[in-house]
Amino acid sequence: MKYLKEWICIGLVIWLGLPTRAQQTQSSDSLFLEYLLEKKAYNDVLNWTKYRKAFPYYRGLAYYNQLQLDSAISCFRQLPVIHPHFEKARFLEGIGHTFLKRYDKAQAALTDFVPKDSLFIALQNFQLAGVALLKRDTIGFVRHQKSFTGHYFAFSQEEDNLEKNYRQIRTHRGKSPWVAGMMSVVIPGSGKIYAGKTGQGIITFIQNVALGVQAYEAYRRDGWKSPRFLIYGGLFSFFYVGNVWGSALSVHVRRQEFNDKVNEQILFNMQIPIRTVFNQ
């Protein structure tokens with residue numbers, strides 16, 4: 001009889017679906033953490049949840065907003081399927097991997113769950129299309145692109161932007177470092193002009209011609225053993241070889257600049273829908 005009233009109260013709570021004291025506490029804690037996140041007090045969130053294992057989602061958000069992506073991903077992976085923010089965590093995990101250039105892991109994070117909401121299904125398809133472009137998997141992109149509808153305001157514009165990025169990648173004609181090097185062997189500086197560095201190419205040409213003329217004059221007047229010829233001949237050889245190597249490198253740098261610029265655009269377009277849909 002001593003605990004009869006308590007057992008009756010517990011039974012009523014379970015039967016009526018009323019929140020228990022523990023649930024009420026956890027709910028108030030969640031509201032408190034959401035308040036801290038809204039105020040961008042990310043360190044306070046991390047300090048408050050440091051010894052509490054029940055809040056990996058909020059820890060993940062704090063790490064994510066501080067760009068500590070590995071720690072954020074680790075927290076998001078702890079969420080069970082029944083967690084109310086499970087799908088959001090998977091999307092944030094995917095975008096985190098893309099920023100870390102781990103495209104295969106991003107793809108895996110985005111495909112290891114089945115969204116129930118039509119908006120999330122469309123968002124999942126959009127994110128996978130973006131990852132495919134980052135991997136330069138144009139076939140994979142086209143497969144996901146077929147599901148673009150433009151019906152969702154949150155990322156209809158970004159769907160168009162990804163299609164533009166796809167066309168940029170398809171129509172871009174990369175230049176060959178080997179061709180640039182061979183051109184500079186024949187005419188110093190021409191490889192850099194081929195690579196799009198016209199100013200550098202002209203300077204390199206003038207530089208090599210000037211040193212070559214000086215070396216030739218020294219050889220013609222004083223012979224190949226003269227100090228003047230050895231100095232100018234050595235300088236000409238050094239700059240000539242450097243011109244060939246630099247031309248090939250210029251093409252590589254130009255190619256990397258193009259890829260970095262397109263990847264930056266893709267990542268920007270992928271991140272906007274995450275922020276819009278989840279207000280993150």
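Along the sequence shown, residues are numbered consecutively beginning with 1. All of these numbers come straight from a predicted model, not from anything done at the bench.
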So which pairs with a foot in residues 195-210 pass side-chain hydrogen bond (donor to acceptor under 3.5 Å, both in side chains), sequence neighbours left out? none

Parallel, tilted or perpendicular, judged at 30° and 60°: which one describes the rings of H85 and Y58? perpendicular

Do L119 and F155 come close enough that some side-chain heavy atom pair is under 4.5 Å? yes

Test: side-chain hydrogen bond (donor to acceptor under 3.5 Å, both in side chains). Region: residues 237-246. Which pairs qualify, not counting sequence neighbours? S184-N243

Are the ring centres of F120 and F278 closer than 6.0 Å? yes

Is there any salt bridge (charged side-chain N to carboxylate O under 4.0 Å, His left out) pair reaching into residues 234-251, and which pairs are they, with sequence neighbours excluded? none

Contacts of N259 meeting side-chain contact (heavy atoms from CB on, under 4.5 Å) (sequence neighbours excluded), chain-then-number -> R136, R255

Quick check, are the ring centers of F76 and F91 under 6.0 angstrom apart? no

Considering only Ile, Leu, Val, Met, Phe, Trp and Tyr, and joining two whenever side-chain heavy atoms are under 4.5 Å apart, list the other residues clustered with I272. F268

Non-neighbouring partners of E257 that pass salt bridge (charged side-chain N to carboxylate O under 4.0 Å, His left out), sequence neighbours left out: none

Going by side-chain heavy atoms closer than 4.5 Å, which hydrophobic residues are tied to I82, directly or by a chain of links? none

For atom CG of L37, decide whether the heavy atoms of other residues, nucleotides or ligands shown that lie under 6.0 angstrom number more than 12. yes

Residues that, via side-chain heavy atoms closer than 4.5 angstrom, fall in one hydrophobic cluster with Y63: L46

Identify, with sequence neighbours excluded, every residue that meets salt bridge (charged side-chain N to carboxylate O under 4.0 Å, His left out) alongside D70. R102

Which residues pass the salt bridge (charged side-chain N to carboxylate O under 4.0 Å, His left out) test with K164, sequence neighbours left out? none

Pairing residues for R77 by the salt bridge (charged side-chain N to carboxylate O under 4.0 Å, His left out) criterion, not counting sequence neighbours: E93, D112

Does any pair with a residue in residues 117-133 pass side-chain hydrogen bond (donor to acceptor under 3.5 Å, both in side chains), and if so which ones, sequence neighbours excluded? S118-Y152, N125-H144

